[in-house]
Amino acid sequence: MQNDNLKSYLHLHVIVFIWGFTAILGKLISLEALDLVWYRMLFASVIMTFVVLFNKEKIKVPFNVLIGFIVSGIIIAAHWLTFYQAIKVSNVSITLACLSTGAFFASILEPIFYKRRVIWYELLFGIIVVVGLGIIFNVETKFKTGIYLAVTSAFLSALFSVINGKYAKEYDPNVISLYELSSGVFFLSIYLFFAGSFTPAFFSLSVNDLIWLFLLSSICTAYAFSASVKVMKFLSPFTVMLTINLEPIYGIILALLIFKDGEEMSPLFYVGALIILATVIANGIVKSYKKVTTN
């Protein structure tokens, strides 16, 4: 069991690095955020359908679980929509720095969903995270919309992780991913249909966009999404959310290397981002120490 936990933890770091690259792809793809998320979920759903059929996995689940999968699918669709819209209206660095607040939201949501008491030091760390976010908000005023969207995306990501943590221990990750991705694209399709967005121009993709979308949908979504659900069998939602907070580090470094001047921020931005990331890491260290001393 301990070996499974270590393998899952290392696997999670690989997944998080891949997720760090999704922000880069979001900026490289020329589509609007809604169109991008629809294509991402559509392609990934098709891939997961083939995976489930190839493995001959049972897809029948209880009705109440099916409803939970559908709700989770809508949540992850909303998370990706706000995430990519934040990148479009600001940049990768702003979006990923604000996404770090996800661990703070997870510390609030876990006691509600898992019926445990609120831990005082998590609230303290949460206040410090808000201070770091406030610094970013005050020095990068031209990106306020992007900050709002990114923080919303962080909350939705934490909500998704907490809900999915319950299902991951009981159901196959490929089946969970298939239901959630399909549900997300289904409800996005309903919206796009009634909004009159399904026009010839909508389905006209450039070669570059098609290549980036395939990479985003296959490696960064179908594989990473299913694999992340699988590691939740062995890791707590908080550990998952904490490790996901390394995504900004990977993503910001990649963005600086690829986009250079477009991603350079003021010194105080990096102070705020560092406060958030350091607080999240400190939270994880304290939590690990508490577990050791209580065992």
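Residue indices begin at 1 and follow the sequence shown.
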Name each donor-acceptor pair under 3.5 Å that joins a side chain in residues 63-77 to protein atoms two or more places apart or in another chain, with its distance.
residue	atom	partner	partner atom	Å
S72	OG	G68	O	3.0

Discussion item. Going by side chain to side chain contact (heavy atoms under 4.5 Å, CB included), name the residues that satisfy it together with F43, two or more places apart in sequence or in a different chain.
Written reply: Y39, L210, L213, S217

Worksheet item: Which atom pair, heavy atoms only, marks the closest approach of T221 to L216?
Response: OG1-O, 2.6 Å

Worksheet item: Are V51 and Y223 close enough that some pair of their side-chain heavy atoms sits under 4.5 Å apart?
Response: no

Worksheet item: Can you tell if the side chain of L156 reaches within under 4.5 Å of the side chain of W80, non-hydrogen atoms only?
Response: no

Discussion item. Which heavy atom of A33 sits nearest to which heavy atom of Q85, and what is that distance?
Written reply: CB-OE1, 3.2 Å

Item to complete: Would you mind reporting whether I252 and V92 have side-chain heavy atoms less than 4.5 Å apart?
Response: no

Response to the item:
Apart from L53 itself, members of its ILVMFWY cluster (side-chain separation under 4.5 Å) are none

Got a list of side-chain donor-acceptor pairs under 3.5 Å for residues 188-205, not counting sequence neighbours?
residue	atom	partner	partner atom	Å
S189	OG	W38	NE1	2.7
S189	OG	V185	O	2.6
T199	OG1	F202	N	3.4

Worksheet item: What closest approach, in Å, do G146 and A86 show between heavy atoms, and which atom pair accounts for it?
Response: O-CB, 3.5 Å

Item to complete: Return the set of residues passing side chain to side chain contact (heavy atoms under 4.5 Å, CB included) with D172 (not counting sequence neighbours), or none when no residue passes.
Response: E57, N174, V175

Item to complete: Please name the pair of heavy atoms, one in A224 and one in I18, separated by the smallest distance, quoted to 0.1 Å.
Response: CB-CG2, 4.4 Å

Discussion item. Does any part of the side chain of H79, heavy atoms only, come nearer than 4.5 Å to the side chain of L99, both counted from C-beta?
Written reply: yes

Worksheet item: Which other residues end up in the same hydrophobic cluster as F50, if Ile, Leu, Val, Met, Phe, Trp and Tyr are linked when side-chain heavy atoms come under 4.5 Å apart?
Response: V46

Fill in: Minimum-distance pair of heavy atoms, taken over all atoms of A154 and T101
CB-OG1, 3.3 Å

Item to complete: Check whether any side-chain heavy atom of Y148 lies under 4.5 Å from a side-chain heavy atom of T82, and answer yes or no.
Response: no

